[in-house]
Structure formats: structure tokens, C-alpha cells
Amino acid sequence: MQKKLVAIVGATATGKSDLAKAMIKKFNGVAISVDSRQIYRGLDLGTGKDKSFPQKMIDILDAGEKFSVVEFQKKVLDLIEKTFASGKIPFLVGGTGFYLDSIIFERNYPAVAPDENLRKCLSKLTIKELCQKLLQKDTDSARRVGKNKRRLIRALEIIEKTGEKVPKFYARKFRYPTLLLGIEVNRDKLYQRIDERVDERIKLGMIKEVRSLIERGVSKIWLKGLGLEYRAITEFLEAKNTKREMIQGLKFDIHAFSRRQATWFRQYPEIEWLELIEYTKKDKQQLVEKAEEKVHDFVKLLKDEISKKSI
RNA sequence: GCCGGGUUAGCUCAGUGGUAGAGCACAUCACUGAAAAUGAUGGUGUCCCCAGUUCGAUUCUGGGACCCGGCA
């Protein structure tokens, strides 16, 4: 069995899950979620989790636990190998570009585990001070990192632990033959869909979900660190603003998030973009058909290559 | 009808006698163990209309329109 990978990417609310659901059915695939927030149990409405079909990498941690790309990478690479062994195709689905990179490309992250104490200590310094500190030790990475406090701290953490400069690896070598399918939706329509979805989920009890997490003892700081729904609602529950303001602010935040995702995915020239014109059953079905074609061609192409080689 | 207050960016509003700003929105970019995180960058305008004063008015004066209060 030839190793091959399909990834379904796109901004939030473009319909990745629906497409994945149809694809794994059609191709007898295994869906693997690439979503940094759906890995947590109990974060359902706020993450838009779809439990109507089997997905790996969902509900694997308790709320409040720490996680990182490296752990994600380890788990998913293992899962992928198992999937290959069973003769199936893994379908990666999700919008966390950073995590996706760790799987589709050969990436090795610096072997320096996060050190909370060191981070806490460094975060007391101002950005200016951190910049100067990094500049002294590693001008290249200082230039790359800019004024981003988190990344300044991480760079210093690596230098501190390894005693060496931050390694750079911009290699973009695919780990396996990979088909990247991207779903594209017109901006205005996407924003509209995002807004509708927020309203729907509020009605379904998204605020209650967050409240009960807090009641169960999940840290508010941790919840706010998740961003978007969990941050907005936690702050609302702390009575920082009105419900109306919270909802509008959340919608804007998700718009911005979807833009950041779009920026991320634009990095990949290999993506085969499929456009969803309208959020109608008909257009969604058409999207599924187009995607099926692409996957079909991809699988066939690989088989042809193998048979050529064996001749 | 009278008396106040207002009219400036898509929204909420600051401001100045030398044609303008903030926050949000919007747009672009970055991203090497926090990534739904964290940052960087950018454009936006008949300054309500008409006339007057002035070298020059968005700013001052007069008139008008519209909005919001209060009193009738």
C-alpha cells in the first residue's frame, strides 16, 4: 500500500468537517482532526465539534491541560502510520495551520521543552529589554522574531537551554505524497456565515457550556488563553461587557481569525482550491463531487507511478 | 413653538484659523514545543449645506437642514 495523505484545509466555517465526513465515507478513510482546540473534552459548542462521524484527535485531553505541536506531531504521525498499515487513507481536517505543518512537512522542532518558570521570569521584562537580550545572543533570530513577546521568550528559552543560537529550518519537504484540498468562500459570505453560526451556538447554550466549565474548576485564565469563544464568554461572565457587545466583539474576532487562517494557507502553492459559492445543499454537494474527483485522480496517479517503477 | 446640545472615517467619538486624528471595523503580512495564541504593517474622509469675515475656514459669524434632550 502506497503511503498517501489528503488534507482538507480552509478558514473556519467553510465546511471542512462536512467535506471530510463525505470523503471518508467515499474512500474508506480515517479522519484526523487538525484543530488545537477540539482536542479538549467538554469544549464542544465553542469549538464547533462535529461528533456525527468518527474523527481522531478529538476529545483526547481534559480542559486545562497543556499541549503543543510536538505532542500533536508525535501522536498524529503514529496514527498515520497505523492508518497506512490498515490500508486506509488518512484525511487530515482542520484549520490549525501550525499543527498541519508539523505533519505534512518534515519538521523537527528544537528539542527544548517549554519551561514555565523561565517563561514567567522572562515575561516580566519589557519587549525592548527582551529584544536587546536576544539581539546580543542571536541577531538572526532577533530579526526574525521582531517585537513579538511570546516568540522573543521562546527564542531566549532555546538559547538558554541549548547554549546555541536558534536553528533555522525553512525546509518545505513533504513527508508523504500529499493532496492539499482547500475550501474557499467569498469573504462577505464567510463573515455572514460566521455571524450566523455564533448566533446559533449562543442559542444552543454556548454560554452555559463555558459557565459549567468554570463551575467544574477549569481555570479562567486558561479559558481566556484559548481565544475567541472561550475568551469572549469568560470575560462576559466576569461582567466585563454586555451580552450584545460580547457577541459583536466575538464575531469580529472570528473574522480576523479567518483572515489569519487565509494568510497561513496562502503559503502553500500546492493547495487545490475548491470554491463553495453558496451555503446551499446543492453547492455543498457539488463541492463534494469536485473533491472526490481530485482525490480519485491523486490516488490513481500514485498507483500509475508505482506500476511504472515496477516495470 | 421656545431653550439647550449635536452633525468630523463604515461605527463611536476627539480636535484645530493653515483641508485632520483615536478606538473598533476593514485589508495585508509574519508565525520553528502557547497557534482559536502572539505580533507587525496599511488605507480610509465633499470635517451637514449656503453665505459672510479672512491671504486662508472643518474651526469664527449669520441663515438653513437634520438629529437628541428639556419646557410648552
Side-chain angles (χ1 to χ4, degrees), chain A residues 11-13 33-40 43 45-49 61 64-75 94-102 105-116 118-120 122-123 127 130-131 138 140-141 143-162 164-172 187-188 190-191 194-195 197-198 201 206 210 219 221-234 241 245 248-268:
Chain A
T12 185
S33 162
V34 183
D35 187 306
S36 65
R37 309 274 114 123
Q38 294 191 357
I39 55 173
Y40 293 106
L43 309 204
L45 280 167
T47 62
K49 217 178 269 173
L61 292 179
E65 290 190 72
K66 300 248 181 230
F67 196 64
S68 78
V69 230
V70 169
E71 288 153 74
F72 180 83
Q73 185 186 46
K74 228 175 275 166
K75 281 181 197 277
T96 305
F98 186 45
Y99 283 11
L100 186 73
D101 272 18
S102 76
F105 299 128
E106 286 181 10
R107 282 270 150 96
N108 293 307
Y109 301 93
V112 176
D115 178 339
E116 294 307 324
L118 180 64
R119 287 181 180 193
K120 218 179 258 176
L122 287 171
S123 68
I127 290 171
L130 290 167
C131 276
D138 184 350
D140 275 359
S141 77
R143 199 169 302 132
R144 266 177 283 144
V145 167
K147 292 177 202 161
N148 191 327
K149 195 163 185 179
R150 283 200 176 187
R151 291 175 52 210
L152 282 165
I153 290 173
R154 164 99 276 236
L156 287 166
E157 188 176 52
I158 293 168
I159 293 165
E160 183 87 12
K161 300 278 169 175
T162 61
E164 284 166 34
K165 291 183 179 181
V166 179
K168 43 180 162 179
F169 54 95
Y170 286 107
R172 264 176 42 88
R187 269 287 159 86
D188 291 337
L190 183 67
Y191 287 173
I194 286 169
D195 294 353
R197 217 165 66 159
V198 168
R201 289 176 184 174
M206 188 158 66
V210 178
S219 146
I221 294 169
W222 183 82
L223 283 167
K224 285 191 261 186
L226 293 173
L228 304 187
E229 296 49 17
Y230 295 95
R231 172 181 294 168
I233 295 171
T234 303
N241 50 14
E245 286 167 347
Q248 189 52 62
L250 174 58
K251 287 173 180 173
F252 289 149
D253 288 346
I254 302 174
H255 297 176
F257 169 54
S258 76
R259 269 180 249 136
R260 266 179 276 134
Q261 289 180 303
T263 298
W264 188 286
F265 294 125
R266 255 176 246 142
Q267 291 172 46
Y268 311 137

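Below, chains carry the letters A, B, ... as their sequence lines are ordered, and counting in each starts from 1. Because only heavy atoms are used, hydrogens play no part in the values below, and waters and symmetry mates are left out as well, while side chains stay in.
- Nucleotides B:U46 and B:A9, compared at atom P, are 7 Å apart to the nearest Å.
- Among the protein residues, A:Phe72 comes within range of no part of the nucleic acid, since none of its heavy atoms lies under 4.0 Å from any strand.
- Among residues two or more places apart in sequence or in another chain, the salt bridge (charged side-chain N to carboxylate O under 4.0 Å, His left out) test is passed with A:Asp195 by none.
- A:Tyr109 meets the ring pair (Phe, Tyr, Trp, His ring centres under 6.0 Å) test with no other residue; sequence neighbours excluded.
- Here A:Ile254 lies out of heavy-atom contact (under 4.0 Å) with every strand.
- Separating the CZ atom of A:Arg172 from the P atom of B:A30 is a distance of 12 Å, rounded to the nearest angstrom.
- Applying the side-chain hydrogen bond (donor to acceptor under 3.5 Å, both in side chains) test to A:Asp115 and every residue at least two apart in sequence or in another chain returns A:Lys161.
- Put simply, CD on A:Glu245 is 14 Å from C1' on B:G23, counting in whole angstrom units.
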Within the sub-3.5 Å range, which N or O atoms of nucleotides 25-27 of chain B have a protein N or O partner, and how far apart are they?
from, atom 1, to, atom 2, distance (Å)
B:C26, OP1, A:His255, ND1, 2.5
B:C26, OP1, A:Arg259, NH2, 3.4
B:C26, OP2, A:Arg259, NH2, 2.2
B:C26, O5', A:Arg259, NH2, 3.1
B:A27, OP1, A:Arg187, NH1, 3.1
B:A27, OP1, A:Tyr191, OH, 3.1
B:A27, OP2, A:Tyr191, OH, 2.5
B:A27, OP2, A:Arg259, NE, 2.1
B:A27, OP2, A:Arg259, NH2, 3.1

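- With sequence neighbours excluded, no residue forms a ring pair (Phe, Tyr, Trp, His ring centres under 6.0 Å) with A:Tyr230.
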Q: Under 3.5 Å for both distances, Watson-Crick or G-U wobble, that's the pair rule; now give the dot-bracket for RNA chain B, with | marking pairs to another strand and [ ] for crossing ones.
A: (((((((..((((....[..)))).(((((.......))))).....(((((..]....)))))))))))).

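- A:Asp101 comes within contact range of no nucleotide atom at all, as no heavy-atom separation falls under 4.0 Å.
- When the P atom is compared between B:G64 and B:C2, the two are found 10 Å apart, to the nearest whole Å.
- In this model, the phosphate group of B:C29 is approached by a side-chain N or O of A:Thr263 to a distance below 4.0 Å at OP1 or OP2.
- Contact record, A:Pro110 with A:Pro167: CG-CG, 4.2 Å, taken as the closest heavy-atom pair.
- Annotation: of the two residues near RNA chain B, A:Arg144 and A:Gly46, the 5′-most nearest-nucleotide partner is A:Arg144.
- With centres under 5.5 Å and a plane angle under 30° as the test, the ring of A:Tyr109 is not stacked against the base of B:G33.
- Across every non-hydrogen atom of A:His255 and A:Ile194, the tightest pair is CD2-CG2, 4.0 Å.
- Residue A:Thr96 is in sugar-phosphate contact alone, with no base atom involved, counting any heavy-atom pair closer than 4.0 Å across all strands shown.
- At the heavy-atom level, A:Glu229 lies under 4.0 Å from base atoms of the strands shown.
- Qualifying side-chain hydrogen bond (donor to acceptor under 3.5 Å, both in side chains) partners for A:Arg187, counting only residues two or more places apart in sequence or in other chains: none.
- Rounded to whole angstrom, the span from the CZ atom of A:Phe265 across to the P atom of B:C29 amounts to 14 Å.
- At the heavy-atom level, A:Val69 lies under 4.0 Å from the strands shown only through sugar-phosphate atoms.
- If you check every strand for non-hydrogen atoms under 4.0 Å, A:Thr47 touches a base.
- For A:Phe257, there are no ring pair (Phe, Tyr, Trp, His ring centres under 6.0 Å) partners two or more places apart in sequence or in a different chain.
- Taking atom CD1 on A:Ile158 and atom C1' on B:G33, their separation rounds to 8 Å, with Å as the unit.
- Here the C1' atom of nucleotide B:A35 and the CD atom of A:Gln73 are 15 Å apart, to the nearest Å.
- Listed by chain and number, the residues in a side-chain hydrogen bond (donor to acceptor under 3.5 Å, both in side chains) with A:Arg259 are A:Tyr191 (sequence neighbours excluded).
- For A:Asn241 and B:C24, the CG to C1' distance is 14 Å, given to the nearest whole Å.
- Put simply, CZ on A:Phe98 is 17 Å from C1' on B:C29, counting in whole angstrom units.
- In this structure A:Lys224 satisfies the side-chain hydrogen bond (donor to acceptor under 3.5 Å, both in side chains) test together with A:Glu238, sequence neighbours excluded.
- Contact between A:Arg144 and A:Val166 at its shortest, heavy atoms only, is NH2-O, 4.0 Å.
- Base engagement by A:Ala111 is indicated by at least one non-hydrogen atom pair under 4.0 Å involving a base atom.
- Residue pairs satisfying the salt bridge (Lys or Arg N to Asp or Glu O under 4.0 Å) criterion with at least one member in residues 148-159 of chain A, sequence neighbours excluded, are listed as follows: A:Arg119-A:Glu157, A:Arg154-A:Glu157.
- For the residue pair A:Ser258 / A:Gln261, no side-chain donor-acceptor distance below 3.5 Å is found, with atom types taken as modelled.
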All N/O contacts under 3.5 Å from nucleotides 37-40 of chain B to the protein, with atom names and distances to one decimal?
from, atom 1, to, atom 2, distance (Å)
B:A37, OP2, A:Arg260, NH1, 2.3
B:A37, OP2, A:Arg260, NH2, 3.1
B:A37, O3', A:Arg231, NH2, 3.2
B:A37, O2', A:Arg150, NH1, 2.2
B:A37, O2', A:Arg150, NH2, 2.9
B:U38, OP1, A:Arg231, NH2, 2.9
B:U38, OP2, A:Arg231, NH1, 3.3
B:U38, OP2, A:Arg231, NH2, 3.4
B:U38, O2', A:Asn148, OD1, 2.4
B:U38, O2, A:Asn148, ND2, 2.5

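- Atom CZ of A:Phe105 and atom P of B:G33 are 16 Å apart (whole Å).
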